[in-house]
Colleague: 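One structure follows; several queries about it will come next.
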2 protein chains.
Amino acid sequence: MKTRLLTAITLLGTQLSFAQDSLMFQKISDEVMLHGTCYDNLRVLCKGIGNRISGSANAAKAVEWGKKHMKATGADTVWLQPADVPYWSRGKESLMIKAGNGEYKKMTILSLGNSEGTGGKVLEAPIVMVRDFDEFKALPESAVKGKIIFFNYRFRQDFVFTFKAYGDAVKYRWASPSIAAEKGAAGVIIRSMSTGADDFPHTGSMHYTDSSKKIPEMALGNRSADSLEQYCKRGTVKAKMQSECHMTDKLVRSYNVIGEIKGSQYPDKIITIGGHLDSWDVGEGAQDDGAGCAQSIEVLRTMKALGIRPKYTVRAVLFMNEENGLKGGQAYADSAIARKEHHALAIETDAGGFSPRGIGMEMSEEQKNKVRAYKDLFLPYGVYDFSLDEGGADISPLQNKMKVPVAGLLPDSQRYFDVHHTNNDIFENVNHRELKLGAAVLTQFIYLVSEHEIF
Amino acid sequence: MKTRLLTAITLLGTQLSFAQDSLMFQKISDEVMLHGTCYDNLRVLCKGIGNRISGSANAAKAVEWGKKHMKATGADTVWLQPADVPYWSRGKESLMIKAGNGEYKKMTILSLGNSEGTGGKVLEAPIVMVRDFDEFKALPESAVKGKIIFFNYRFRQDFVFTFKAYGDAVKYRWASPSIAAEKGAAGVIIRSMSTGADDFPHTGSMHYTDSSKKIPEMALGNRSADSLEQYCKRGTVKAKMQSECHMTDKLVRSYNVIGEIKGSQYPDKIITIGGHLDSWDVGEGAQDDGAGCAQSIEVLRTMKALGIRPKYTVRAVLFMNEENGLKGGQAYADSAIARKEHHALAIETDAGGFSPRGIGMEMSEEQKNKVRAYKDLFLPYGVYDFSLDEGGADISPLQNKMKVPVAGLLPDSQRYFDVHHTNNDIFENVNHRELKLGAAVLTQFIYLVSEHEIF
């Protein structure tokens, strides 16, 4: 009888707690949907400042934007955390293509981030198209030497979860130049990491191996890549590449922007929620990742507006230099180690401000199951998927160096790789309700973890 | 033992079947995502024809578009089903507002569908703002007589599922003129049924009660409604309304477009999948409901492309006149009754071509549970919600007159009421992957129902 009574009391307690949590989830959602400022804040960042590659003047302005809006939330403390970042500059760039005996035609391209251009000179060479690395490896050196290799690998439109397609294809952006240079290629063209039905080329980071010759790399949008594919199938194609892009020698002093609400019961246990403040040097960095920054600020604003005093310390962090160096994420982890901080959980929102669908987790199964016990609470907000292993780049140093459990907001992924790293990643392509709903779910999740002391 | 063995065999059978279904689901998704034509077909409808109110020349062109693309799927039979539809014409319209002693300023408005305008004359009258029907009812007749009533009821941004907010607010569009006219009002202005952070006014159907005086009704976008609200709070506001809209006397001969794949085992059992071909006379009727038409055609194309021979007959129907009369839906049900057809299930896709999230059902609990037994199959495609009661307007006559079980595709609802019934409901606001994914899920659902003889 005793056991049964205890079970009954425990069950009743759980139900009461669920009802209370459910009510708080509703309050949080109502507050963000009706009074949230993230959409207006994002407009200021995108339209008032624009894109903001690490080390640029715009990135410095974005730090000021972050500090101002973090303070406006009423956070207990707001500070800047130094991080020295690389500065990659694009300069002028162009690609001309000549099919058979035709005229040279200008293509719309973007050089890949961190790549070295042609030093402003014209690199003229025949194009050799390959479908993938296997086809490239089968080519004799004589077929590659002095040529521009077109890696025409298609972004997999059949993968429903587009980040899976990104994971599949991104090695062509990242590694092609070094692989091609090893056989003596003079340059590389890639088909963009893009779901786009349009023709926007996508930039993004690449890297050279230590021993590699630094040959240039340019990306074509899907329609241009289709055209080049047709040209190459029909006969010989020549290209003229010209670009000034280069990595500058010196690091630039920049900052993470941090806002904090002190925990009421466990001030030493920290939950971090963050996105990244830097973007590529095209478009407005709206979905990637102005959205995540605006949402992270919104979490603090909402807690303050509702008078929520979290048991744990909650920190919103706008990380610098996610795109091409991760210096902000490293500085944050290094500081945490130096200060012997206890990080209970770190969460990233860097998959776009689209309708939330799930929360990815990288932690022990036991920890995941603790979260999953509450999953029904999220269902009215469209969040049902707690199955995927996802964290985030900025919080990966915390995860790797301090074994902090990490999580990532999983929004609907269908539109992300239409705009990601393009001139089309602009404020107009962010929906106000989708952005706010993501911020609401992040706030709910953090409230839950803190209230129930899950980690 | 026997029972256990039977259970084991049954379980094994179920698992095998699940594995086969899962494989077919994947094939369907791959086919649509890689080779689907719905996005290109929709482009032709939106950009080549444009909006297409019932009875218009564009609606007749849309019928030809439907017939052509339905035939291109390789459907066994394609035919037109006559439906006589009303023709409502907008003509010129304007609203000028004067706050206090200021100048008259032009507002961006849309008259509501089916409403009668001012006959081209200027209706000049003071504006009286009310929050809702309760506040209106409390007004004395003297405060209403001869006035233009501004029903400033806010679309509930706190409702996460936006169709709930639509259900809550739409009575202000539908019924305000008759309610206001009863107390002697001269005209009505409403705040649009809109989640929009922008200023697009939304049209949509209204009706007059039999005894009602037919006073004009115009809608303001959210930002204009905010301005008018401020003016009204500050002091007296006057309006000049002028509009030519009217319902013409005669019905116009139009058509539903129907394509059919004959069932291989039960040709007399019919599954209907449809959207509506007509739209309002603004924008391009892209999300509402060109998307649903393109998806319905895609279902047939995909089945033919994959060589799926459904056990049941599958019919794609592009209904005419959903927006302001439902004559197509009625003609379809009347024909089904006259021909004594057996409709196993009717499905509508008229909630936009956004990422699918669920399938709504209106049928017995037993029938719902038969479908829910397969719900895990849909999870890889982002479809998890089988809890809501949803069908569709076009299939409601089938449901009401023949007791046919009905279902409706439930896409993500966040953006629908930003563009619904506005000049912003254009092709550019439809995403190719989201549209295709919805078509894939519809095909999967129909395959499942037919293969497992669920209804």
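Source: prediction; values computed, not measured. Naming: A, B, ... by sequence-line order, numbering from 1 per chain.
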Colleague: At a heavy-atom separation under 4.5 Å, does F159(A) approach chain B through its side chain, its backbone, both, or neither?
Modeller: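 Backbone only.
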Colleague: Between chain A and each of S29(B), A440(B), G382(B), count heavy-atom pairs under 4.5 Å; write down the option with the most.
Modeller: G382(B)
Colleague: State plainly whether the residues R415(B) and E434(B) are in salt-bridge range, i.e. N to O under 4.0 Å.
Modeller: yes
Colleague: Are Y172(B) and D132(B) linked by a side-chain donor-acceptor pair shorter than 3.5 Å?
Modeller: no
Colleague: What option among K436(B), R357(B), M33(B) has the most heavy-atom pairs under 4.5 Å with chain A?
Modeller: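 Looking at each option in turn, the highest pair count goes to R357(B).
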Colleague: Using non-hydrogen atoms and a 4.5 Å limit, figure out which bit of Y384(A) sits close to chain B: side chain, backbone, both or neither.
Modeller: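 Answer is side chain: those atoms of Y384(A) sit under 4.5 Å from chain B.
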Colleague: Consider only side-chain N and O atoms of Q295(B) and T349(B), and report whether a donor and an acceptor are under 3.5 Å apart.
Modeller: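 Q295(B) vs T349(B): donor-acceptor pair found between side chains.
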Colleague: Does either side chain, that of H202(A) or that of S194(A), offer a donor lying less than 3.5 Å from an acceptor on the other one?
Modeller: yes
Colleague: Can you tell me which portion of D385(A) sits under 4.5 Å from chain B's heavy atoms? Options are side chain, backbone, both or neither.
Modeller: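 Contact with chain B is absent: no heavy atom of D385(A) under 4.5 Å.
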Colleague: Flag the pair D412(A) and R433(B) as a salt bridge only when some basic side-chain nitrogen lies within less than 4.0 angstrom of an acidic carboxylate oxygen.
Modeller: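 Salt bridge: no.
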Colleague: Does any heavy atom of chain B fall under 4.5 Å from the side chain of S355(A), the backbone, both, or neither of them?
Modeller: both
